[in-house]
Amino acid sequence: MISVKLLYFASARDAAHGLSSETIELEQQAPATLQSAVNIIRQRHPNMEAVLKTALLSLNQEYCEAENTQDILLRDGDEVAVIPPVSGG
Amino acid sequence: MISVKLLYFASARDAAHGLSSETIELEQQAPATLQSAVNIIRQRHPNMEAVLKTALLSLNQEYCEAENTQDILLRDGDEVAVIPPVSGG
Amino acid sequence: EDYIPKHNTQACETYDHFLISSETLSLDRACALVRDDSAGAISTFEGTTRNTFNGKRVLRLEYEAYEPMARKEWLNIVQEARSKYHILGTAMHHRIGEVPVGQTSVIIVASSAHRADAINAVHFLIDSLKARLPIWKKEILDDGSGAWKENEAINLTVHRPVSH
Amino acid sequence: EDYIPKHNTQACETYDHFLISSETLSLDRACALVRDDSAGAISTFEGTTRNTFNGKRVLRLEYEAYEPMARKEWLNIVQEARSKYHILGTAMHHRIGEVPVGQTSVIIVASSAHRADAINAVHFLIDSLKARLPIWKKEILDDGSGAWKENEAINLTVHRPVSH
């Protein structure tokens with residue numbers, strides 16, 4: 001099993017009822033992909049569905065480029081964040 | 001006779017050997033035009049010829065637009081300045 | 001052709017300062033980080049909390065940031081700026097927490113030998129920040145309601161290199 | 001469409017500050033003149049004395065101004081800026097006399113509701129100042145020689161209004 005940290009910002013945190021981060025365990029051989037992490041997020045936080053429609057995802061503090069999150073393999077200690085549309089400045 | 005104040009800035013002042021301003025008298029009926037003032041400047045300050053090639057002129061603190069300085073009539077108390085290429089900022 | 005002084009094409013925290021803080025921001029302090037005897041120009045941008053949005057009265061903005069990712073992404077942005085413009089130094093300071101009306105939420109400064117580089121770089125940097133940096137603001141109105149904002153779509157392709 | 005707060009299209013010394021002085025300039029002091037609760041953006045430009053020109057070492061610049069004409073011409077320039085951009089307040093401070101290397105010769109600031117207006121207005125204002133204002137600088141090199149400078153020809157037509 002691998003540990004992956006999930007971070008929720010702004011409206012994503014609101015959708016997780018105020019939870020800003022949590023750590024999940026994934027079966028590495030499943031395989032453990034970004035998609036599997038997203039599925040877990042959806043199960044644990046039904047309100048996240050609406051946020052995920054317009055949010056981007058980051059992996060280890062870099063935007064995820066891939067069209068298909070199932071192509072991105074996760075490793076132990078990875079950090080995934082749900083990035084709603086930004087509004088800095 | 002009318003009195004006209006002449007101002008010399010930067011390289012124009014250098015060409016007038018450090019003179020920054022002087023007042024001249026013009027015969028109003030001559031007529032007294034910007035051109036007649038320029039002629040006087042040329043006579044009094046021969047080094048001004050080179051400066052006048054690239055300088056603009058101002059009348060009462062506004063740039064002179066006219067192509068022909070003989071078309072601009074001067075009045076008593078007018079202020080004319082020789083404006084070499086600027087370099088503010 | 002005027003001598004162009006040393007300017008780094010590589011973004012680096014020595015010359016490209018980054019600060020996220022809940023303290024009030026200071027333009028003088030940000031500018032001090034980019035001053036240089038070989039600079040002829042310093043350009044700055046300050047974003048401040050406006051008192052209205054869509055005719056409604058705003059009390060304050062509340063900011064949060066994903067700081068480690070913002071730092072990484074900011075260096076990427078400055079790298080792009082350095083590929084387009086001749087820049088000596090930059091600084092980006094962003095406030096988090098509450099920013100009341102009239103106060104400053106972000107400061108961006110850049111120094112360069114010639115003015116076009118500094119001015120255009122700052123414009124590119126603030127547009128890129130608003131498009132890409134993982135920072136969010138919540139707008140608190142005078143009726144007590146609060147809403148997470150989303151920045152408008154920004155066309156970054158308009159920022160062309162300065163020709164020398 | 002976002003509410004655009006009061007912005008004057010008429011240049012006026014109440015909102016468009018003009019100062020020529022031999023004292024050192026201060027960015028904070030200039031910015032204080034344009035701050036406004038309805039502003040979302042403040043853009044500034046500082047021109048500083050560079051230490052080199054064409055590979056030669058510069059000691060200082062010496063500035064002089066035809067002040068009453070500079071004031072009139074500046075109001076004309078600001079009037080043009082206000083016809084292109086939504087501006088709340090502006091300030092232009094220019095130093096005369098000696099400006100040593102590293103020190104500031106000119107500061108231009110502008111505030112607006114939205115960033116593009118402030119940034120583009122400041123760019124237009126500094127370009128216009130350099131093209132039109134009756135101010136001159138003499139460059140003193142380390143060999144003791146001094147020469148009156150002439151600003152490069154500037155294309156002011158590139159400054160287009162911001163579309164809202």
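Order of the sequence lines sets the chain letters (A, B, ...), proteins ahead of strands, with each chain counted from 1. All of these numbers come straight from a predicted model, not from anything done at the bench.
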Bottom line for B/L7: the part with an atom under 4.5 Å from chain D's heavy atoms is side chain
Okay, D/K72 and chain B: the region with an atom under 4.5 Å from a heavy atom over there is side chain
Among residues 10-28 of chain B, residues within the sub-4.5 Å heavy-atom range of chain D, in order of number, are B/A10, B/S11, B/R13, B/D14
Among D/V106, D/N151, D/L129, D/L133, the residue with the most heavy-atom pairs under 4.5 Å to chain B is D/N151
Under 4.5 Å to a heavy atom of chain B? For D/A65 that would be backbone
dist B/Y63:OH -> D/E73:CD (nearest 0.5 Å) comes out at 5.5 Å
d(D/K130 NZ, B/S87 OG) to nearest 0.5 Å is 8.0 Å
Nearest heavy-atom contact between B/I83 and D/P134 is CD1-CB, 4.4 Å
Here the ring pair (Phe, Tyr, Trp, His ring centres under 6.0 Å) pairs for residues 142-162 of chain D, sequence neighbours left out, are D/H123-D/H159, D/F124-D/H159
Would you check if B/F9 and D/I135 make a side-chain contact, meaning some heavy-atom pair closer than 4.5 Å?
no
Ignoring hydrogens and angles, tell me if any N or O in the side chain of D/Y63 forms a donor-acceptor pair with the backbone of B/G89 under 3.5 Å. yes
Cut-off 4.5 Å, heavy atoms of chain B, and the answer for D/A131 is backbone
B/P85 and D/W136 have their tightest heavy-atom pair at O-CD1, 3.4 Å
